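The basis for the numbers below is simple: all heavy atoms, side chains too, and nothing from hydrogens, waters or symmetry mates. The first residue of the sequence shown is numbered 1, and numbering continues consecutively from there. From a predicted model like this one, the values you see are computed outputs, not experimental measurements.
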Amino acid sequence: MKKKILTVLALVFALLCCLALASCEEEGTPDTPSPSAPSAPAASSGEDVSGDVEFAGGYAFRLDNGVESRLGAVADDFIAALGTPDDVEEAPSCIREGTDRVYEYGGRLTVATEPDAEGRDRITQILFQSDAIALESDAGLLMIGSDVSMADAFFGEPSLVDAGHREYIPDGAFVTITESDGEITGIVLAFPRG
């Protein structure tokens, strides 16, 4: 149990570091395209996929509570569907006018957003913290505690496998899975950045 708590804390720290690094890149640094071609955005009720091309083509996902969205989507409907967060951390964005936010949902889920050129919050990262919420697809459910082979069923062949750490690059995302003894201990979905 202590090992799982430390793993989750490490993932939360990594999430916050990635958010800070992504939002504080130097201006004028050219963006590197993602290694995979973007997929078509998922349509879900009320989801605004118009506007900022920078956030187009993010990974479409569905949670086991029926909430659907995609990385890069305007966050308003997704955040509302998840309910009131237990905590919201905010910091000025280093990329553009607006605020980066990290929403914490009771040890189940953490969602990071950043503003687009029009000031709308976009979903940039999701960290799964417990088995209280899962990703759902035709492959089944993927959650903390799932067999690591389920990650391959969801995301395909990993691009990196290293001592308890697996990385995947499905269309429109970077996915990091941590595992111990063949069991998933952490899941992070991140919008691909240059």
Side-chain angles (χ1 to χ4, degrees), residues 4-5 7-8 11-12 14-15 18-19 34 36-49 55-86 101-113 121-161 164-192:
K4 284 187 180 183
I5 291 171
T7 300
V8 168
L11 284 171
V12 170
L15 168 78
C18 289
L19 179 63
S34 86
S36 58
S39 62
S44 69
S45 61
E47 182 179 308
D48 182 358
V49 296
F55 292 98
Y59 179 76
F61 61 89
R62 181 175 64 243
L63 302 178
D64 66 336
N65 62 1
V67 175
E68 296 182 10
S69 193
R70 66 175 178 80
L71 295 174
V74 173
D76 298 345
D77 290 342
F78 182 65
I79 296 299
L82 292 176
T84 304
D86 295 311
R101 292 183 176 84
V102 177
Y103 298 85
E104 169 68 40
Y105 291 93
R108 299 173 299 141
L109 196 66
T110 300
V111 178
T113 67
D121 287 346
R122 299 286 189 147
I123 303 166
T124 54
Q125 199 165 52
I126 300 173
L127 170 83
F128 292 79
Q129 296 174 305
S130 77
D131 62 358
I133 195 157
L135 285 167
E136 182 178 38
S137 77
D138 294 339
L141 296 178
L142 182 70
M143 68 185 89
I144 305 295
S146 293
D147 188 276
V148 74
S149 65
M150 284 301 297
D152 294 348
F154 263 72
F155 306 116
E157 287 297 314
S159 60
L160 173 74
V161 177
H165 177 90
R166 301 167 80 85
E167 291 181 1
Y168 301 83
I169 308 175
D171 286 345
F174 289 126
V175 178
T176 302
I177 301 288
T178 55
E179 58 98 6
S180 178
D181 298 323
E183 184 177 288
I184 294 174
T185 58
I187 304 169
V188 179
L189 304 178
F191 186 78

Asks: Hey, are the side chains of Phe78 and Leu63 touching, using non-hydrogen atoms and a 4.5 Å cut-off?
Replies: yes
Asks: Just verifying a value: how many Å separate Asn65 CG and Leu82 CG, rounded to the nearest 0.5 Å?
Replies: 6.5 Å
Asks: Name the one of Leu127, Thr110, Val111 that satisfies side-chain contact (heavy atoms from CB on, under 4.5 Å) with Glu104?
Replies: Thr110
Asks: Please check: side-chain N/O of Asp121 versus main-chain N/O of Ala75, any donor-acceptor pairing under 3.5 Å?
Replies: no
Asks: Measure the spacing between CD of Glu183 and CG of Asp131 and express it to the nearest 0.5 Å.
Replies: 9.0 Å
Asks: Report the residue from Asp152, Leu160, Thr178 that forms a side-chain contact (heavy atoms from CB on, under 4.5 Å) with Arg166.
Replies: Asp152
Asks: Tell me, do Phe174 and Ile169 make a side-chain contact under 4.5 Å, heavy atoms counted?
Replies: yes
Asks: To the nearest 0.5 angstrom, please state how far the CZ atom of Phe191 sits from the CG atom of Leu71.
Replies: 7.5 Å
Asks: Is the closest side-chain heavy-atom distance between Phe55 and Val74 below 4.5 Å?
Replies: no
Asks: Determine, stepwise, if the pair Leu135 / Leu189 fulfils side-chain contact (heavy atoms from CB on, under 4.5 Å).
Replies: CA-CA 11 Å; Leu135 285 167; Leu189 304 178; 4.1 Å; yes
Asks: Grab the two heavy atoms, one from Ser137 and one from Arg62, that are nearest each other, plus how far apart they are.
Replies: CA-NH2, 3.5 Å
Asks: Mind checking the CD1-CD spacing from Ile144 to Gln129? Nearest 0.5 Å is all I need.
Replies: 8.5 Å
Asks: What's the shortest heavy-atom distance between Tyr168 and Ala151, and which atoms?
Replies: OH-CB, 3.3 Å
Asks: Looking at every non-hydrogen atom in both residues, tell me the closest pair between Arg70 and Gly57 and how far apart they are.
Replies: NH1-N, 4.1 Å
Asks: Below 4.5 Å, heavy atoms only, C-beta onward: do Tyr103 and Ile79 meet side chain to side chain?
Replies: yes
Asks: Any sub-3.5 Å donor-acceptor pair from Arg122's side-chain atoms to Gly72's backbone N or O?
Replies: yes
Asks: Can a donor-acceptor pair be found, under 3.5 Å and without considering hydrogens, that links the side chain of Ser146 to the backbone of Ile184?
Replies: no
Asks: Is there side-chain contact between Tyr105 and Ile133, with at least one heavy-atom pair below 4.5 Å?
Replies: no
Asks: Decide if the gap between the ring center of Phe61 and the ring center of Phe154 is smaller than 6.0 angstrom.
Replies: no
Asks: Can you confirm whether Glu136 sits close enough to Leu141 that some side-chain heavy atom of one is under 4.5 Å from a side-chain heavy atom of the other?
Replies: yes
Asks: If we only count heavy atoms from C-beta on, is the Pro170 to Val175 side-chain gap below 4.5 Å?
Replies: yes
Asks: What's the shortest heavy-atom distance between Ala173 and Tyr59, and which atoms?
Replies: CB-CB, 3.4 Å
Asks: Work out which heavy atom in Ile123 is nearest to a heavy atom in Thr113; give both atom names and the distance.
Replies: CA-CG2, 4.3 Å
Asks: Ignoring hydrogens, what is the shortest heavy-atom contact between Glu179 and Thr185? Give both atom names and the distance.
Replies: N-OG1, 3.6 Å
